[in-house]
Amino acid sequence: MEAVAVIDFETTGLSPAQGDRATEIAALIVHDGKVVDRYQSLMNAGVRIPPYIQALTGISDAMVRAAPPAAEVMREVADFVGDRPLVAHNAAFDCKFWDAELARIERRRRQEFACSLLLSRRILPQAPSHKLGALVEFAGLPLAGRSHRALADAEMAASLLRHLEDELRRRYQVREVSHELLRRIQGTPKAKLAQCLAGHRQAR
DNA sequence: TGCCAGGCCCTCTTTAGGGCCTT
């Protein structure tokens with residue numbers, strides 16, 4: 001697959017529309033299944049983190065106060081990612097924060113997201129849960145560190161993405177996996193997956 | 001202090017409801 005950027009945000013809550021802000025971001029450049037570059041930073045958006053979120057992520061108000069301003073971090077990470085297609089686990093969530101934080105620095109997203117959650121529901125329907133950590137365990141992939149920290153979660157999403165690519169090649173005989181094909185798969189109803197992949201199968 | 005969202009997907013569905021997933 002072409003180089004893509006796998007990203008993960010930690011935030012103060014679930015909705016930028018309700019005033020929630022990003023507290024940490026990680027972005028990994030993944031090429032042919034390998035992580036070739038990494039960016040990670042806490043960011044200071046000048047907001048308090050609710051105690052239950054601090055308990056969930058381990059990211060405290062003090063840690064964020066000592067971090068660079070959110071605007072500076074978002075400029076850096078947007079430049080780091082460039083025009084590469086994006087991937088995230090439950091991308092609807094990360095897409096909302098990516099767009100909202102970019103809008104604050106008067107920049108706009110130039111590429112589409114693929115979603116490893118939607119993909120795993122189709123490619124690994126037998127998994128007992130489609131939470132990131134549960135999928136990593138189900139697939140026998142290595143744990144990357146503390147869950148609910150941006151870099152560890154991005155590393156796990158990148159290794160899940162590679163596993164999903166491998167499954168498409170092995171189990172579904174897909175010749176070449178591209179970001180565009182992933183987008184097509186995630187937008188296809190589960191029952192029509194075989195039909196969606198028919199034109200992408202290896203000749204046997 | 002307590003509360004807040006939204007898209008996907010299944011089913012005892014489609015004139016709807018509720019669980020899953022992200023923090």
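Order of the sequence lines fixes the chain letters, A, B, ..., with proteins taken first and strands second; residue numbering starts at 1 for each chain.
- Residue-to-nucleotide proximity on DNA chain B shows that, of A:His148 and A:Ala17, the 5′-proximal contact is made by A:Ala17.
- When the C1' atom is used for both B:dT23 and B:dA5, the distance is 11 Å, rounded to whole Å.
- Comparing the P positions of B:dG2 and B:dG6 gives a spacing of 24 Å, expressed to the nearest Å.
- Distances from the side chain of A:Tyr52 to the nucleotides B:dC10, B:dC4, B:dC21 place B:dC4 closest.
- A:His89 has no side-chain polar atom (N or O) that falls below the 4.0 Å cut-off from OP1 or OP2 of B:dC21.
- A salt bridge does not link A:Arg169 with A:Glu176: every distance from a Lys NZ or Arg NE/NH1/NH2 to an Asp or Glu carboxylate oxygen is 4.0 Å or more.
- Separation of the P atoms belonging to B:dG7 and B:dC3 is 24 Å when rounded to the nearest angstrom.
- Inter-residue side-chain proximity for A:Ile59 and A:Ile49 is flagged as met; some heavy-atom pair is nearer than 4.5 Å.
- A:Thr57 comes within contact range of the sugar-phosphate backbone alone, with a heavy-atom separation under 4.0 Å but no base atom that close.
- Of the C1' atoms belonging to B:dC12 and B:dA16, the separation is 12 Å, rounded to the nearest Å.
- Taking a cutoff of 4.0 Å between a charged side-chain nitrogen and a carboxylate oxygen, A:Asp79 and A:Arg107 qualify as a salt bridge.
- For A:Arg122, the side-chain atoms get nearest to B:dC8 when compared with the rest of B:dT22, B:dC8, B:dT23.
- Comparing B:dA5, B:dC21, B:dT23 against the side chain of A:Asp8 picks out B:dT23 as the nearest.
- Across B:dG17 and B:dT13, the matching C1' atoms stand 9 Å from one another, rounded to whole Å.
- Atom NE2 in A:His130 sits about 11 Å away from atom P in B:dC9, given to the nearest Å.
- The aromatic rings of A:Trp98 and A:Phe113 sit perpendicular, their planes meeting at an angle over 60°, well past the 30° parallel limit.
- Mapping A:Asn90 and A:Pro50 onto DNA chain B via the closest heavy atom, the residue that lands nearer the 5' end is A:Pro50.
- Comparing the P positions of B:dC4 and B:dC10 gives a spacing of 27 Å, expressed to the nearest Å.
- Here B:dC21 presents its P atom at 15 Å from CG of A:Leu56, a figure rounded to the nearest Å.
- A salt bridge does not link A:Arg149 to A:Glu10: none of the charged nitrogens lies less than 4.0 Å from a carboxylate oxygen.
- Proximity of A:His179 to A:Arg84: side-chain heavy atoms (C-beta onward) are nowhere separated by under 4.5 Å.
- Residue A:Glu10 is classed as a sugar-phosphate contact, given heavy-atom separations below 4.0 Å to backbone atoms only.
- The CG-C1' distance, from A:Leu132 to B:dT22, rounds to 10 Å in whole Å.
- In this model, the phosphate group of B:dC21 is approached by a side-chain N or O of A:Ser129 to a distance below 4.0 Å at OP1 or OP2.
- Residue A:Leu118 places its side chain closer to B:dC8 than to any other of B:dC8, B:dT22, B:dA5.
- Counting heavy atoms from C-beta on, the side chains of A:Met43 and A:Thr23 never come closer than 4.5 Å.
- Regarding A:Met43, its CE atom lies at a distance of 13 Å from the C1' atom of B:dT23, rounded to whole Å.
- Separating the CZ atom of A:Phe113 from the P atom of B:dC8 is a distance of 15 Å, rounded to the nearest angstrom.
- Dashed line: the shortest gap from a side-chain N or O of A:Lys190 to OP1 or OP2 of B:dC8 is not under 4.0 Å.
- Closest to the side chain of A:Arg121, out of B:dA5, B:dT23, B:dC21, is B:dC21.
- Between the P atoms of B:dC20 and B:dT15, the separation comes to 25 Å (whole Å).
- The distance between atom CZ of A:Phe9 and atom P of B:dT22, rounded to the nearest whole Å, is 16 Å.
- For the pair A:Leu160 CG and B:dC21 P, the interatomic distance rounds to 13 Å; values are reported in whole Å.
- Following rounding to the nearest Å, A:Leu14 (CG) and B:dG7 (P) show an atom-to-atom distance of 13 Å.
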